[in-house]
Number of protein chains: 4
Amino acid sequence: MNRRARTPKAKQEKKEQILAAAKALFFEKGFYGTRIEMIAKKAGVSTGTVYLYYKNKIEVYKALQDEGVGILSEMISQVISWPGMSALAKLSEVARTYYRFHNEYREYFDIMAILCVTPKDLKESESEISKIIDGKTFSLLKMVEGVLQEGIEKSEFISLDTWKATNVFWGMLDGLILLAERRNIENVIGVDLEELFKQALEMSFYGILKQN
Amino acid sequence: MNRRARTPKAKQEKKEQILAAAKALFFEKGFYGTRIEMIAKKAGVSTGTVYLYYKNKIEVYKALQDEGVGILSEMISQVISWPGMSALAKLSEVARTYYRFHNEYREYFDIMAILCVTPKDLKESESEISKIIDGKTFSLLKMVEGVLQEGIEKSEFISLDTWKATNVFWGMLDGLILLAERRNIENVIGVDLEELFKQALEMSFYGILKQN
Amino acid sequence: MNRRARTPKAKQEKKEQILAAAKALFFEKGFYGTRIEMIAKKAGVSTGTVYLYYKNKIEVYKALQDEGVGILSEMISQVISWPGMSALAKLSEVARTYYRFHNEYREYFDIMAILCVTPKDLKESESEISKIIDGKTFSLLKMVEGVLQEGIEKSEFISLDTWKATNVFWGMLDGLILLAERRNIENVIGVDLEELFKQALEMSFYGILKQN
Amino acid sequence: MNRRARTPKAKQEKKEQILAAAKALFFEKGFYGTRIEMIAKKAGVSTGTVYLYYKNKIEVYKALQDEGVGILSEMISQVISWPGMSALAKLSEVARTYYRFHNEYREYFDIMAILCVTPKDLKESESEISKIIDGKTFSLLKMVEGVLQEGIEKSEFISLDTWKATNVFWGMLDGLILLAERRNIENVIGVDLEELFKQALEMSFYGILKQN
DNA sequence: AATGAATGAGAGTTCATTCAT
DNA sequence: CATGAATGAACTCTCATTCAT
């Protein structure tokens, strides 16, 4: 790696290097437990350099959130685009994908989740990137809504307010995963997360599926 | 307001006075955005006095959580105890009650939610009160499970793993509320939370209700 | 013990009660490690009561020093007053007594010793009791000087400046005891304190004894 | 004075700059009477900078002790290495040197002395530097022992346990200086310290010198 | 005389951010 | 561009002393 990132490519690399370090640390120690100096050291740069690429600590955090939402969007959009799949199967796949994301990219998930519950601290600086994240989240939900609409059009599902149902569906998934994080499900509740997901989907689909 | 709290009652009052100040501030500014000095000032006491009643900042926070869980438990236990009500109606009431709690005691809700997602920071100091809160949360869920069991016994619901279902049910509610917190539902999504709750319940109940 | 010490005797008792508690704590935890509240609790009184009997923390400390010097003075004065004993034997007894005091009243010794090395902190408040302590220390040394004079008069010792010699003698004893405190003599140096005392006395007496 | 110390040399200078400020303050106000902020201000840096060079307050203190022991060691080792000097003269020079150190580096002396008598407070944090100081103190005493051995070999002194005698000798010197510190010798006792040292040496040497 | 709740000025330490080099 | 030394406001928690009761 160059000490000085003169080319745009090299600059981008350094930026990602910093982000990678931040991701690991934010995940391990949380936002308040992570110091800029730690990120710099792990990224192999100096403290000042972090500020060369990111306005401040919160912006680093948001960049990670953005990345996370991006990854999840990408995963879901792929699943949804599979041709020759019923809407029901797609919806089921969406849930499974979200679950997979939670497992494979736990770091991102945790980072994305924090934002929602300490909004006053972190959200106050209404920056450019905040809007980007909001936009990406919105289009993610819109994709899911698309599947519902498809299902209704294909008469798989009963007719319902798709936007409401999307939010319910997504909220439910969120709730389950957070539940899993909160209490150590396997230990405390004695039920594993995948089981719960299945149960939840069954419960929902009974409500959505057209009974013929 | 007593200047010196000499009786146990007066001491209790002062303790609550401090807690009330803390509640408002934690809600407004978050845990890390609130300084002990602020709490003291708002409560009309000195910094030292806060430490006379609470061991440290985290204990103040936990006292609030405990209070919140207590209030919610009380609300739900009342609803559940209504005689001559179907299990379905009770479950629906539970959801509505949770929603009401979120509206009326938003401060508590936010405080209770933080704990779950930043466990590394705050949960490390495993104190007495932590166990109390965990216990209360557990018995809250157990109450809900009771309704499900009742429904199955009365043949309202299909036979299912009640503990799993309880967690799914509660997780879903949590998810929906968090969803609402995260994005300002009314503005961004254009759907209000109560609507979503209704939809969610309908969706779930189709899955639970015995079809005859 | 009366809650209210109305009689002078009862007052004196309470004062000593506090002092006893302070002694144990100052010894165990040092001046800065001891809080007034601790002393009060151990003495079975309230914080405020301590201030009823002593002007402040330092005065409590000084009262202990005074008591310590008093005890040591008493011990030495007794030894010195034994009739039919050579001056040399008396001097040797003085040393042995100081050593005994260090062993039996270690608490006092430590308290008395601290004063000398943190003079700026504690000595600044030139109070009544400071003068009393200084006076007692002075008369203690004067007693020792008396033995030396006696020895010269009896032609046991060579003629020397008794006041200088007294200070040298005492300083040497002090030095040895402090040495013992500082390094854990038995462990680090491999020599025990009594041995050192004997050696020191022998060394001194060779210098003092009249060679005939 | 550099604003930013970038070279190792400049850093070392800044470290010493802080230490110099600390020395003056610890001497004047004692350990507990000195605040980090004072040290920073006197050194012309900010509070944070102090912590850039020293882990905490105690480490600053220990660095001073180390420096003090170092200076004294150096002074004594020089005196001892003078060729063509009798062991007796060397021992006498050692005492005089210790006295000189006490006069010229009083600040160090006081700082070094505190450690020994409040071990519970300060010694608990057994750090790297503590061991270094202990080691230096030990080798200082070993140097003095060397002189005694030399004296015995050259038949100047009677044969005795050199390690015991070294400790007695040093303890005596310590005791005398502490005596001087405790009571303001010139004023209260009316004898100056140098006089006492001479007397002490004479007394000891009578005990050590081979009588021929 | 006695209490012990209340005070509030610290005190040490941290760390996001800046800026001289 | 990059560095990393320097900053200093923040922040939690302590504890000698006071004073209302």
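The figures that follow rest on heavy atoms only: side chains count, while hydrogens, waters and symmetry mates do not. In this text the structure is predicted, and so the values were computed from the model without any measurement. Letters A, B, ... are given to chains in the order of the sequence lines, protein chains preceding strands, and every chain is numbered from 1.
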Expressed in angstrom and rounded to an integer, what is the separation of [X] atom [atom1] from [N] atom [atom2]?
X	N	atom1	atom2	value
C:Gln12	E:dA1	CD	P	13 Å
B:Lys41	E:dT7	NZ	P	14 Å
B:Ile36	E:dA11	CD1	P	20 Å
A:Tyr32	F:dT12	OH	C1'	16 Å
A:Ile58	E:dC15	CD1	P	16 Å

Which nucleotide, [options], lies nearest any side-chain atom of [X]?
X	options	value
D:Leu52	F:dA6, E:dT13, E:dG10	F:dA6
C:Thr47	F:dC13, E:dA5, F:dA10	E:dA5
A:Thr49	F:dT3, F:dT7, F:dC11	F:dT3
B:Arg4	E:dG4, E:dT14, F:dA5	E:dG4
A:Ser46	E:dA5, F:dT3, F:dA10	F:dT3
B:Ala5	E:dA6, E:dA20, E:dA2	E:dA6

* **Six-ring centre of D:Tyr54, D:Lys15 cation under 6.0 angstrom, axis tolerance 45°** => yes
Both distances below 3.5 Å, Watson-Crick or wobble geometry, any strand: find the nucleotide opposite [N].
N	answer
F:dC11	E:dG12
E:dA1	none
F:dT17	E:dA6

* Asked: With distance as the sole criterion, do the side chain of B:Arg6 and the base of E:dT3 form a donor-acceptor contact below 3.5 Å?
  -> yes
* **Plane angle bin for C:Phe31 and C:Phe26 - parallel if under 30°, tilted between 30 and 60°, otherwise perpendicular** => parallel
Is the phosphate of [N], meaning OP1 or OP2, less than 4.0 Å from a side-chain N or O of [X]?
X	N	answer
C:Lys14	E:dA2	yes
B:Tyr53	E:dA6	yes
D:Lys11	F:dA5	yes

* Could you check C:Tyr51 against B:Arg35 and say which one's nearest nucleotide on DNA chain F is further toward the 5' end? => B:Arg35
* Side chains of D:Gln65 and D:Lys62: does their closest heavy-atom pair fall under 4.5 Å? -> yes
